[in-house]
Amino acid sequence: MAAVETALVVGAGSAGCVVAAVLARDGVDVDIVEIQNDVTALGSGITIQGNALRVLREIGAWEAASDAGYAFDTTGIRIPDGTLVAELDDIKTGGQDLPATLGMERRHLAEILVDTASAAGATLSFGMTVANFDDEGAGVDVTFSDGTNCRYDVVIGADGVKSTVRDMIGITTRPEPTGMGIFRVFTSRPDSVERTDLCYAGPAYIAGYCPTGEDSLYAYIVEPMQDREEMPPEDQLAYMRELSGAYQGPWEDIRELMIDPATVHYTWFEKMILEPPWWRGRVVLIGDAAHTCPPTIAQGAAQAMEDALVLGESLLAHSDLASALDAFMDRRYDRAKTVVDASVQVGQWMIDDDPDADIPGLFMRTLGALCEPA
Ligand SMILES: Cc1cc2nc3c(=O)[nH]c(=O)nc-3n(C[C@H](O)[C@H](O)[C@H](O)COP(=O)(O)OP(=O)(O)OC[C@H]3O[C@@H](n4cnc5c(N)ncnc54)[C@H](O)[C@@H]3O)c2cc1C
């Protein structure tokens, strides 16, 4: 018998939908509450690596993801004038029968995950959150933002980097900026972009792009962290275009397509990993709520999905909650910490302009370790 019969998942992102799907398909009564009103509110593009694709396959979402995304197995390294100086075979962290990487529109990924969780039997309420809860040992009594109440065997906080559930269980650790900021733009895909190419030289730390479908891509430029909160969208677009002017080759085609201010986003990179355990009583955190890393290795969502799969499997495999949560923590902490530390290190080397930096070596070691399933 599973450790839980009922579960509340707070947040319908990657972590929340995956854990809901895993539990619901095995008969656990799962409710998900999502504070946003609509799944389509979650925009932009994402690089999904093989270890996350393995999770998508495990929950039955791989074919839909494959149809919606753009798969590739190599990464190009370019210098600012556009010259391709290296073509690297990506590590297939999900195994040889899955692509190394799938670029996707975040909106498509979100829709597929929500559909998968719903098809597995989870009940999803948009525009809803948890107002408060009382974990009184034998169960958690939850009051929702619409005033309704329900009791659950477990509450799973999958509510992202600014997690409210984390606050509610008294964990005071918070994400910290790493010193880098990123401009991202979403455009149609010129024929010159068929995979991710990265440039680690020029005025920015990183300039890169990732195809997300036959007719879409996202491109990004990573710079020293700045206060750009108040910058109007038109100015963000103009500034990103100006920064991108240092990069030629496919960037020349992308620049032509960078015309809509609404498709440009700026954000800081953040880092955090909670000391174990990631739970208090019957309330447990997964995904960005428990650990967040700068996307220098593009593993944040993959680690969130791995947390979710492992938590789901642990809750199903153990008959008591304490053993299930211990098993979850044993399988997750070291692996998530390895990814957070490596992601932070890559960025720090760039900030320090460290002559001894070994970015390819760290990539190989970290991604190599992720080939073993979580
Ligand atoms: C600039 C940038 C680029 C990135 N690129 C990549 C990449 O290419 N590849 C990759 O693998 N990772 C990437 N990441 C990391 C990735 O986006 C996150 O690690 C991943 O989204 C975490 O998933 P999650 O489900 O834990 O959280 P989220 O995706 O943030 O989902 C949390 C959900 O909870 C909801 N929510 C929040 N508060 C509440 C509440 N109180 N009640 C109910 N619902 C709530 C939110 O609306 C959201 O839907 C990137 C991150 C950044 C910042």
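Numbering of ligands and ligand atoms starts at 1, following listing order.
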**Message:** Any non-hydrogen side-chain atom of W268 less than 4.5 Å from a side-chain atom of I182?
**Reply:** no
**Request:** To the nearest 0.5 angstrom, please state how far the CD1 atom of I351 sits from the CZ atom of F269.
**Result:** 9.5 Å
**Those atoms of ligand 1 less than 4.0 Å from some heavy atom in T129** = 40 (C), 41 (N), 42 (N), 43 (C)
**Donor-acceptor side-chain pairing of D341 and Q345 below 3.5 angstrom** = no
**Message:** So is Q303 touching ligand 1 or not, going by heavy atoms under 4.0 Å?
**Reply:** no
**Asked** Which bit of Q49 gets closer than 4.0 Å to ligand 1, counting heavy atoms only: side chain, backbone, both or neither?
**Response** neither
**Asked** So do E194 and Y70 actually touch side chain to side chain, heavy atoms under 4.5 Å?
**Response** yes
**Request:** Have a look at ligand 1 and work out which part of D159, if any, has a heavy atom under 4.0 Å from it: side chain, backbone, both or neither.
**Result:** both
**Request:** Output yes when the distance from some N or O of ligand 1 to some N or O of S14 is under 3.5 Å, and no in every other case.
**Result:** yes
**Prompt:** Which atoms of ligand 1 sit under 4.0 Å from any heavy atom of Y218?
**Reply:** 8 (O)
**Prompt:** Does Y209 reach the side chain of R189, with side-chain heavy atoms less than 4.5 Å apart?
**Reply:** no
**Prompt:** Does ligand 1 have any atom that is closer than 4.0 Å to a heavy atom of K162?
**Reply:** no
**Prompt:** Rounded to the nearest 0.5 Å, what separation is found between the CZ atom of R166 and the OG atom of S163?
**Reply:** 5.0 Å
**Atoms in ligand 1 flagged as close to Q299, the criterion being non-hydrogen separation under 4.0 Å** = 11 (O)
**Fill in**
The atoms of ligand 1 lying under 4.0 Å from a heavy atom of V33, numbered in the order shown, are 43 (C), 44 (N)
**Within-cut-off N or O pair, I286 and ligand 1, under 3.5 Å** = no
**Request:** From atom 1 (C) of ligand 1, work out which of H291, R184, M168, E270 has a heavy atom at the shortest distance.
**Result:** R184
**Asked** What part of A304, side chain, backbone, both or neither, has a heavy atom within less than 4.0 angstrom of ligand 1?
**Response** side chain
**Asked** What do we get for C210 next to ligand 1 when only non-hydrogen atoms under 4.0 Å count, side chain, backbone, both or neither?
**Response** neither
**Fill in**
Near A158 (heavy-atom distance under 4.0 Å), the atoms of ligand 1 are 32 (C), 33 (C), 34 (O)
**Side-chain H-bond candidate by donor/acceptor type, Q236 with R241, under 3.5 Å** = no
**Message:** Below a 4.0 angstrom heavy-atom separation, can you tell me which part of R106, side chain or backbone, both or neither, approaches ligand 1?
**Reply:** side chain
**Message:** Checking contacts here: is it the side chain or the backbone of T267 that comes within 4.0 Å of ligand 1, counting heavy atoms only? Could be both or neither.
**Reply:** side chain
**Request:** Examine R184 relative to Y218 and say whether NZ or CZ is less than 6.0 Å from the centre of the six-membered ring and inside a 45° cone about the ring axis.
**Result:** no
**Complete:** CZ (R107) and CG (D38) are apart, to the nearest 0.5 Å, by 10.5 Å
**Asked** Counting each atom of ligand 1 from 1 as listed, which ones have a heavy atom of G287 under 4.0 Å away?
**Response** 26 (O)
**Request:** Answer whether the closest heavy-atom distance between the side chains of W278 and M329 falls below 4.5 Å.
**Result:** yes
**Message:** Taking distance alone, with N or O pairs closer than 3.5 Å, would you say M128 contacts ligand 1?
**Reply:** no
**Distance-only side-chain donor-acceptor flag, E5 / Y152, under 3.5 Å** = no
**Request:** Check whether any N or O atom of A15, backbone or side chain, sits under 3.5 Å from an N or O atom of ligand 1, and answer yes or no.
**Result:** yes
**Request:** Tell me which part of I182 gets within contact of ligand 1: side chain, backbone, both or neither, using heavy atoms under 4.0 Å.
**Result:** side chain
